[in-house]
Amino acid sequence: MRGAYTRSTRPNPIPWINMSIHAVKRAQCHLAWDNSIPPVLRVSSGAAVSFDCLDASNGQLDASSTLTTLAALDFTQLDQVNGPIFVEGAAPGDTLRVDVLDVRPGTWGWSALLPGFGVLLDEFYEPALKIWTLHAHEDGKDAAAMDGEYGYAWFDEEKGIRIPLRPFAGEMGVAPGKPGAHSTIPPYATGGNIDTRHLTKGSTLYLPIEVEGALFSIGDGHAAQGDGEVSGSAIETTMNVTVRLTVLKDKPYVKTPHFETRSPHKSDEEFYCTTGVESDIREAMRAAVRNMIAFLVAEHGLTRADAYMLCGVAGDLRMHEVVDMPNYVPE
């Protein structure tokens, strides 16, 4: 996923303790983005919703799974999302603000090499499966937890290869305006399988609304992921995630997913990010920059020329989503 970044001065996330939180169960899920799917819940703008999500295998894999289990996967049942949620007051042209309030992965996860999937699919023909044990830090008792690290998993303890866990939902989106069922595998301008590793606890996602009520859904828990999810999977896991959904009427420039996040490193710097969604990587990169220019003009009063120059001297471009064909998502 490629994209454009700028420094953010947003305030800290709004406190959510003592708020009434709606709940969505594991079984309340669907396998396509489709604006005709009835909502499982209707909430007011600003409401918090907690989701209990299965892993991306839709429960087909567990901690005892083997290559035999992997070979029997039903691919039509993968990448389910929980929802949809109807948000009162949401209308086409509005923006849905999604504040990620909490993300808690399960105690185990899996990663796999699946034939025909991943950026090196022409070099890796044999399937492989790794089952992970996920360790959570005790809140406030581990210095790493203070840097946004939820916990850790050993890739190879004997060799000292330790993976920090920064869990997030790989799928977050709203229903597209175009009728019909749309696969949950690729990303879209309305979100979906954007697999953006920066959307951890404390981050904010902005999604363009194309249908009444927005119809928000979420899923695909990742305990950890590298940029691009290049091998075809992250540390896939079950997930309990809580988000706050707020309708915004003043961000018409949000035409693709935008987000704000803290750096995963030891820094208090924050960034505002824009994305581009195209089938051509170069055009996707161009769209991400174009969307950042629109943000800087609308929110900071720059001229288009100055905004373009600022992107040239201070903006970052990264590739994040490269395996969920046919679209790529720069950020």
Side-chain angles (χ1 to χ4, degrees), residues 1 24-37 40 51-62 65 69-85 98 100 103 105-106 108-119 121 127 129-130 132 167-176 178 180-197 199 205 207 215-226 228-241 243 257 275 277 320-329:
M1 179 168 173
V24 176
K25 300 176 181 179
R26 288 187 176 186
Q28 294 174 303
C29 62
H30 53 100
L31 287 160
W33 298 101
D34 187 337
N35 61 35
S36 69
I37 297 175
V40 300
F51 299 81
D52 181 11
C53 304
L54 280 171
D55 65 287
S57 79
N58 210 352
Q60 296 182 79
L61 298 180
D62 60 31
S65 291
T69 320
L70 189 68
L73 272 182
D74 180 353
F75 279 76
T76 68
Q77 298 300 305
L78 301 184
D79 272 356
Q80 79 291 345
V81 288
N82 289 66
I85 307 301
V98 184
V100 182
V103 188
W108 70 279
W110 62 270
S111 299
L113 297 182
L114 300 170
F117 201 57
V119 297
L121 55 86
L129 175 68
K130 180 175 180 60
W132 304 78
F168 69 98
E171 295 246 18
M172 285 195 277
V174 294
K178 185 178 180 181
H182 306 274
S183 171
T184 57
I185 299 298
Y188 303 95
T190 48
N193 200 14
I194 55 178
D195 283 334
T196 302
R197 62 184 294 193
L199 292 175
L205 175 65
L207 296 169
L215 299 179
F216 174 82
S217 298
I218 190 171
D220 190 21
H222 290 176
Q225 182 198 291
E229 199 184 17
V230 294
S231 65
S233 68
I235 299 183
E236 311 289 337
T237 184
T238 58
M239 172 182 64
N240 288 99
V241 56
V243 299
T275 65
V277 180
H320 240 305
E321 178 46 70
V322 295
V323 297
D324 295 317
M325 308 304 180
N327 293 337
Y328 303 91
V329 184

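Note that these values count all heavy atoms, side chains included, but never hydrogens, waters or copies made by symmetry. Treat the numbers as computed from the prediction; the structure is a model and nothing was measured.
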Yes or no on side-chain contact (heavy atoms from CB on, under 4.5 Å) for V98 and F216, after CA distance, side-chain angles and deciding distance?
-> CA-CA 9 Å; V98 184; F216 174 82; 3.9 Å; yes
Counting distance only, does the side-chain N/O of [X] pair as donor-acceptor with the main-chain N or O of [Y] below 3.5 Å?
X    : Y    : result
T238 : C53  : no
N35  : P176 : yes
D220 : A56  : no
Q80  : D55  : yes
E171 : N193 : yes
N58  : Q77  : yes
E236 : W110 : no
Q225 : D195 : yes

Any non-hydrogen side-chain atom of [X] less than 4.5 Å from a side-chain atom of [Y]?
X    : Y    : answer
Y188 : S183 : yes
M239 : F168 : no
D52  : V24  : no
T275 : T196 : no
L61  : L70  : yes

For [X] and [Y], which heavy atoms make the closest approach, and how far apart are they?
X    : Y    : result
V241 : I218 : CG1-CD1, 3.8 Å
S111 : W132 : OG-NE1, 2.9 Å
P257 : I194 : CG-CG2, 4.3 Å
N82  : K25  : ND2-O, 2.9 Å
G83  : S217 : CA-OG, 3.7 Å
H182 : G180 : CD2-O, 3.2 Å

Drop me the distance from L31's CG to T76's OG1, to the nearest 0.5 angstrom.
-> 7.5 Å
With rounding to the nearest 0.5 Å, note down the distance linking OG1 in T237 to CH2 in W108.
-> 7.0 Å
Partner of Q60 under side chain to side chain contact (heavy atoms under 4.5 Å, CB included), chosen from D74, T69, L54 = D74
So V40 and I85, side-chain contact (heavy atoms from CB on, under 4.5 Å) or not? Walk me through it.
-> CA-CA 6 Å; V40 300; I85 307 301; 4.0 Å; yes
Stepwise side-chain contact (heavy atoms from CB on, under 4.5 Å) test for L114 and S233 = CA-CA 9 Å; L114 300 170; S233 68; over 6 Å; no
Within a radius of less than 6.0 Å around NZ of K178, do more than 12 heavy atoms belonging to other residues, nucleotides or ligands occur?
-> no
